[in-house]
Amino acid sequence: MNIIDNHQPTAKLQALDAAHHLHPFTDTAQINARGTRVITQANGVYLTDSDGHKLLDGMAGLWCVNIGYGRTELANTAARQMSQLPYYNTFFQTSHPPVIELASLLARLAPGDLNRVFLAGSGSEANDTNIRFVRHYWASLGKPDKSVIIARKNGYHGSTIGAASLGGMSAMHAQGGMPIPGIEHISQPYWYREGGDSSPEEFGLACARELEETIERLGEENVAAFIAEPVQGAGGVIIPPETYWPGIQRICDAHEILLIVDEVICGFGRTGNWFGCQTFDIRPDIITIAKGMSSGYQPIGGSIIREEIAEVFADRGGEFNHGYTYSGHPVACAVACENLRILEEEDIVGNVANVTAPYLREKWLSLGDHPLVGEARIIGMMGALELTPEKSSRKPFAGEEGAAGLICREHSFSNGLVMRHVGDKMIISPPLVISRSEIDELVEMAHKSLDQAYADLKQQGLMQVSR
Ligand code: PXG
């Protein structure tokens, strides 16, 4: 019998998983004690586990299955490409049709003159490429000291040492000697938790100004780039105040530094436009892409670079001593092309912008009336709920951070909805193809989970405000 056909009983699969498989971002002892949930198939917005339970996937996998599960066109494309040319590299003066087609398609879809593509196997690898690229770019212009990259606290850019150093996740930095030298972290525009008495607009401007102050403190001659997500995803769907991105753009325009916009989550429709930088009117020099580029059907990532910068790099940089075995993998590229074709032909992004995101928005924001919710926020197809012990203030719970979020998440899974928690924030990021009736179902299950979590928290005496 073949395990991947799931002919084994759940308990057997769980025992083998516990014995041999180390999970990412997981407390191994804890997960092995509890047993994993084994997902065996998926279709549309629904997952099925090995016991036959159906779950609405409110997270699109890990923010990536933008076109939903079960698109046989992608499976057929992969099979065809595997038969024709399963692998070849793009290193030694060689190329192949899928990578050529994907690069030109991305250049057409990406805004402005973001026209040159460097491919990788994931978002983390792409951000490592970005570190190497921007540093070598300035060095080749005779400015090797321009090497510091400014990033943000609680930003997420991946899990390789380079990408995790760009990220501002303190729990990640605490393991394995990060960040690497030459990365500076500034405040995140997280008004709900960190805005104090200032208005969101004032706070957004103050956070942007911190970029300018940091450039001045370090000396512009030492700064290579600033990197940020349009909306922080893994940090908890942190939608910046309206003043933030115009402030950042002005500062980047006024200084000779490169702007890297990490579109790994926001790209390919998530915010209601093809790219988050269009939603916020940002003009990046480089964007990082992954996830929705293939809707997660194949692992692939990359960087799209402005024409002018890529030209200088080509003229002055000589050989770029960097690349991955799977840069431009033919099967991943072919599947990404097919995914992008479907996104375009079915106008999935337009449907999000005009139909389903406004519908979800109205319903999601209504959860803000729940006694356990301090703020409901949403943009496009990514939303968050701030759980609160006291609706009138923005103060956190007195108990351990994340305890309330975990209780709510457990109820949500039991109710048949994959809704994540990041600390005491509940977050969703469903497939872009979610329908109105599926949105009704999602919001109903979220509401029920909030009711159940609220009852538990009251009963356990956890509705206490941190003073
Ligand atoms: N940039 C951003 C903005 C991301 O969200 C990466 C880069 C790295 O991509 P790869 O493909 O290397 O994983 C990401 C990934 C979570 C979670 O718990 C989020 C991500 C990955 C894993 C977990 O929200 N984002």
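Side chains are part of it too, since the values below use all heavy atoms of this structure and drop only hydrogens, waters and symmetry mates.
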Do [X] and [Y] make a side-chain contact, defined as non-hydrogen atoms from C-beta onward lying under 4.5 Å apart?
X      : Y      : result
Ile348 : Val433 : yes
Met169 : His173 : no
Leu343 : Leu340 : yes
Val355 : Val352 : no
Leu417 : Leu55  : no
Lys425 : Val237 : no
Leu205 : Arg209 : yes
Asn89  : Thr325 : no

Any side-chain to backbone donor/acceptor pair from [X] onto [Y]? Under 3.5 Å, distance only.
X      : Y      : answer
Glu220 : Glu256 : yes
Glu229 : Gly155 : no
Asn66  : Leu432 : no
His255 : Arg250 : no
Asp347 : Gly350 : yes
Thr388 : Gly374 : no
Asp424 : Gly405 : yes
Ser295 : Ile67  : yes
Glu125 : Gly121 : yes
Ser294 : Gly296 : yes

Walk me through it: do Gln41 and Thr48 pass the test side-chain hydrogen bond (donor to acceptor under 3.5 Å, both in side chains)?
-> CA-CA 5 Å; Gln41 29 179 318; Thr48 308; 5.2 Å; no
May I ask you to check whether [Y] and [X] place their ring centres under 6.0 Å from each other?
X      : Y      : result
His322 : Phe118 : yes
Tyr46  : Tyr69  : no
Tyr244 : Phe280 : no
His329 : Tyr324 : no

Between Thr160 and Ser124, does a side-chain hydrogen bond (donor to acceptor under 3.5 Å, both in side chains) hold up when you go through it step by step?
-> CA-CA 6 Å; Thr160 52; Ser124 303; 4.6 Å; no
How close do [X] and [Y] get, counting heavy atoms only, and between which atoms?
X      : Y      : value
Tyr359 : Asp440 : OH-OD1, 2.6 Å
His185 : Arg152 : CD2-O, 3.6 Å
Pro98  : Gln81  : CG-OE1, 3.5 Å
Ala376 : Leu385 : CB-CD2, 3.7 Å
Leu114 : Pro284 : CD2-O, 4.0 Å
Ser95  : Ile100 : OG-CG1, 3.4 Å

Take Asp49 and Thr40 through the side-chain hydrogen bond (donor to acceptor under 3.5 Å, both in side chains) test and state the conclusion after the steps.
-> CA-CA 5 Å; Asp49 73 16; Thr40 52; over 6 Å; no
Counting only heavy atoms from other residues, nucleotides and ligands, does the tally under 6.0 Å from [atom1] of [X] exceed 12?
X      : atom1 : result
Glu400 : CD    : no
Gln84  : CD    : no
Phe313 : CZ    : yes
Glu213 : CD    : yes
Glu216 : CD    : yes
Glu242 : CD    : no
Glu401 : CD    : no

Give every residue pair that meets the salt bridge (Lys or Arg N to Asp or Glu O under 4.0 Å) criterion with at least one member in residues 258-282, sequence neighbours excluded.
->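 Matches after skipping sequence neighbours: none remain.
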Separation of [Y] [atom2] from [X] [atom1] (nearest 0.5 Å):
X      : Y      : atom1 : atom2 : value
Ile215 : Ile150 : CD1   : CD1   : 5.0 Å
Ser449 : Met419 : OG    : CE    : 4.5 Å
Ser140 : Asp315 : OG    : CG    : 9.5 Å
Asp253 : Ile248 : CG    : CD1   : 11.5 Å
Leu442 : Ser435 : CG    : OG    : 10.5 Å

Take Glu184 and Arg217, measure what salt bridge (charged side-chain N to carboxylate O under 4.0 Å, His left out) needs, and give me the verdict at the end.
-> CA-CA 11 Å; Glu184 287 276 326; Arg217 174 169 58 78; 3.1 Å; yes
May I ask you to establish whether Arg135 and Tyr137 are in a cation-pi arrangement, using a distance under 6.0 Å from NZ or CZ to the six-membered ring centre and at most 45° from the ring axis?
->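 Output no; distance or angle outside limits.
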Going through the distances and angles, do Arg306 and Glu311 end up as a salt bridge (charged side-chain N to carboxylate O under 4.0 Å, His left out)?
-> CA-CA 9 Å; Arg306 268 184 49 218; Glu311 290 286 337; over 6 Å; no
Just do the side-chain hydrogen bond (donor to acceptor under 3.5 Å, both in side chains) check on Asp17 and His23 with the steps written out, would you?
-> CA-CA 9 Å; Asp17 192 60; His23 289 247; 2.6 Å; yes
Qualifying residues under side-chain hydrogen bond (donor to acceptor under 3.5 Å, both in side chains), relative to Arg377, sequence neighbours excluded |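 With sequence neighbours excluded, Arg377 shows a side-chain hydrogen bond (donor to acceptor under 3.5 Å, both in side chains) to Glu375, Glu386, given in chain and number order.
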Give the ring-plane orientation class for His136 versus Phe320, where under 30° counts as parallel, over 60° as perpendicular and anything between as tilted.
->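 It falls in the parallel class, under 30°.
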Selection residues 162-172 - residue pairs positive for side-chain hydrogen bond (donor to acceptor under 3.5 Å, both in side chains), sequence neighbours left out |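 Residue pairs with at least one partner in residues 162-172: there are none.
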Looking only at side chains, do Glu210 and Ser187 share a donor and an acceptor under 3.5 Å apart?
->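 The criterion, which ignores hydrogens and geometry beyond distance, is satisfied for Ser187 and Glu210.
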Report yes or no: do Ser147 and Asn222 form a side-chain donor-acceptor pair below 3.5 Å?
->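 Per modelled atom types, Ser147 and Asn222 side chains form no pair under 3.5 Å.
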After noting the C-alpha distance and the side-chain angles of Glu338 and Val335, does the key distance pass the side chain to side chain contact (heavy atoms under 4.5 Å, CB included) rule?
-> CA-CA 5 Å; Glu338 184 63 4; Val335 168; 5.6 Å; no
